[in-house]
Amino acid sequence: MSGRGDEKRHGTSQCQQALTSDLAPHTSQMRGKRRKVGSEKARRLGRLRNLMERQNLDALLVTNPDNRRYISGFTGEGLLLITRDDTCLVTDGRYATQAGLEAPDWRALPSKTLSSKALAEVCREQHLTRIGFEKNDVTYQQFEKFQADFSGLELRPVLGLVESLRLIKDVDEIAMIQEAGVVAGAAFYYAIGHICSGQTEREIASRIDYFLRSRGDGPPAFETIVAAGERGAMPHGRATPDKIRSGQMVVIDFGACCQGYMSDITRTVCIGRFDALQRQVYGVVLEAQLSALDHVRPGVIASQVDEVARQVITGAGFGDYFTHALGHGVGLNIHEAPRLAPKQEIALEAGMVTTVEPGVYIPGWGGVRIEDTVLVTETGCEVLTPVAKDFMVL
Ligand code: ZN
Ligand code: ZN
C-alpha cells in the first residue's frame with residue numbers, strides 16, 4: 001500500500017489530527033462493544049470446581065497472576081483459595097480497596113506479608129485436607145512456606161488446571177481480544193501514516209506505543225518490535241536508534257491490551273522502493289499465512305496448520321529460514337496455549353485464539369513476517385487484527 005502524503009509526516013498538530021480523525025470510527029465501534037468482564041465469572045468458577053472434584057482436591061491455591069485474574073477478576077498481588085463452597089483472597093493493605101472493587105464476591109483476608117497462613121486456617125476450619133497448588137508457578141521458597149503454613153494437610157501439585165479453562169475463550173474474553181485487535185489495527189495505520197526514511201526504529205515504536213497507551217486501556221502487550229533492513233532477520237529485534245532507509249523492509253510487531261486481554265500483529269513494509277527478492281519473499285510468506293488461515297478450523301491438529309505454512313515456504317526454497325513456530329495462543333498472556341508448532345497434537349476448538357505468523361529470516365539480508373491474531377470459530381476462523389496484507393511500499 002502506498003499513498004502517504006508528505007503533509008502527514010511532520011508536525012504535532014497534524015499528528016494529533018490524524019490520531020483523532022483516523023481513529024474515531026474504531027473508537028466508537030469499541031465503545032459499543034465495551035463490556036465489563038464478569039458475566040462469565042460464575043461459570044468459570046463452576047467449571048474449575050468440576051476439575052478440582054475430578055482431581056480429588058478439597059481446595060486449590062491459585063498463585064499465577066493471570067489465573068488469579070481469570071478466576072477472581074483481581075489484578076493486584078495476592079493468593080486465592082477456592083474450596084467447594086468458599087472463595088478467599090489474601091492481599092495486603094496496598095490492594096484492600098482494589099480487591100473490594102475487582103472481586104467483591106470474594107472473602108478478603110488481609111495479611112501484611114501476603115502469607116498463606118490465613119488460607120491454611122480456612123482449610124482447617126472447614127476440614128479440608130487435600131490442597132492443590134500450581135506447581136509450575138510456585139518457587140521452591142514459596143513451596144517451603146506453604147509446607148510450613150499447611151503443615152498437617154496434604155499439599156498436591158497440580159499442572160494447568162486453570163490454564164485448561166483459559167484455552168477456550170468465553171464471550172467476555174473474545175470481546176476484549178477483539179477490542180485489542182481493533183486498537184492494534186488502528187495503531188498500525190496511525191504509525192505507517194507517519195513513517196518516512198530518516199526516522200529511527202525507536203521513533204516508530206514510540207509512536208505505536210503512544211497510540212496503544214492512549215487508545216487501549218493498558219501498556220503495549222509486549223515491547224514493540226521495529227526491525228529494519230538486516231535487523232529484520234532477528235525475529236525479536238528490539239527497536240534501536242538506527243535510522244530506516246529507502247530500500248529497506250521493516251518488520252513491525254506489536255500488540256494492544258484491553259482489560260488484560262491482548263492482541264498480536266506483525267506487518268512488514270518496504271520503505272521507498274523494493275527489489276525482486278523482497279517482493280518474492282513477501283509473496284511466499286503471505287501465501288503461507290493465507291494457506292494456514294484457510295486450514296484453521298475446529299478438529300484440525302495444531303501441528304498440521306504449522307505444516308501447511310511450512311510446506312509453502314519450503315516449497316519456495318526458504319524452509320531453512322522459517323525458524324520459529326507458526327503461532328501461539330493469546331489471551332491474558334501474550335504466549336499461551338495452544339501452540340501451532342511441529343509435534344503439537346492438540347485439536348483446535350471453537351473459542352481458541354491463536355496467532356498465525358509465518359516468517360522468513362535471512363541473515364545479512366533481513367526478514368519478513370506477517371502475523372494476525374485469529375479466533376477459531378465453528379466453521380473456520382475470524383481474523384481479529386483488521387489490517388490489510390498487500391505488499392506495502394511507503
Ligand atoms: Zn507478534
Ligand atoms: Zn506472536
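Worth saying up front: this structure is predicted, and the values here are computed from it rather than measured. When a ligand or atom number is given, it counts from 1 through the structure's own listing order. One-based numbering along the sequence shown.
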**OP:** Please note down the angle at the Zn ion (ligand 2) between OE2 of Glu357 and NE2 of His328, to the nearest 10°.
**Re:**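 Computed angle, vertex at the Zn ion (ligand 2), rounded to 10 degrees: 80°.
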
Original post:
Is there a donor-acceptor contact under 3.5 Å linking the side chains of Asp264 and His335?
Top reply: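 There is no such pair between these side chains.
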
**OP:** For Arg215 and Tyr190, test the side chains for any donor-to-acceptor distance below 3.5 angstrom and give the result as yes or no.
**Re:**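 On atom types as modelled, these side chains do not qualify, holding no pair under 3.5 Å.
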
Original post:
So among Asn64, Asn333, Asn67, which one has a side-chain hydrogen bond (donor to acceptor under 3.5 Å, both in side chains) with Glu163?
Top reply: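 Per the side-chain hydrogen bond (donor to acceptor under 3.5 Å, both in side chains) rule, the option paired with Glu163 is Asn67, out of Asn64, Asn333, Asn67.
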
Original post:
What N/O/S atom of Asp264 is the closest to the Zn ion (ligand 2)?
Top reply: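 Of all N, O or S atoms belonging to Asp264, OD2 is the one nearest the Zn ion (ligand 2).
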
**OP:** Salt-bridge test for Lys145 and Asp149: reply yes if a basic N is under 4.0 Å from a carboxylate O, no otherwise.
**Re:**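 Counted as a salt bridge, because a side-chain N and a carboxylate O are separated by less than 4.0 Å.
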
Original post:
What does the angle at the Zn ion (ligand 1) come to, between atom OE1 of Glu371 and atom OD1 of Asp253, rounded to 10°?
Top reply: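 Approximately 100° at the metal, rounded to tens of degrees.
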
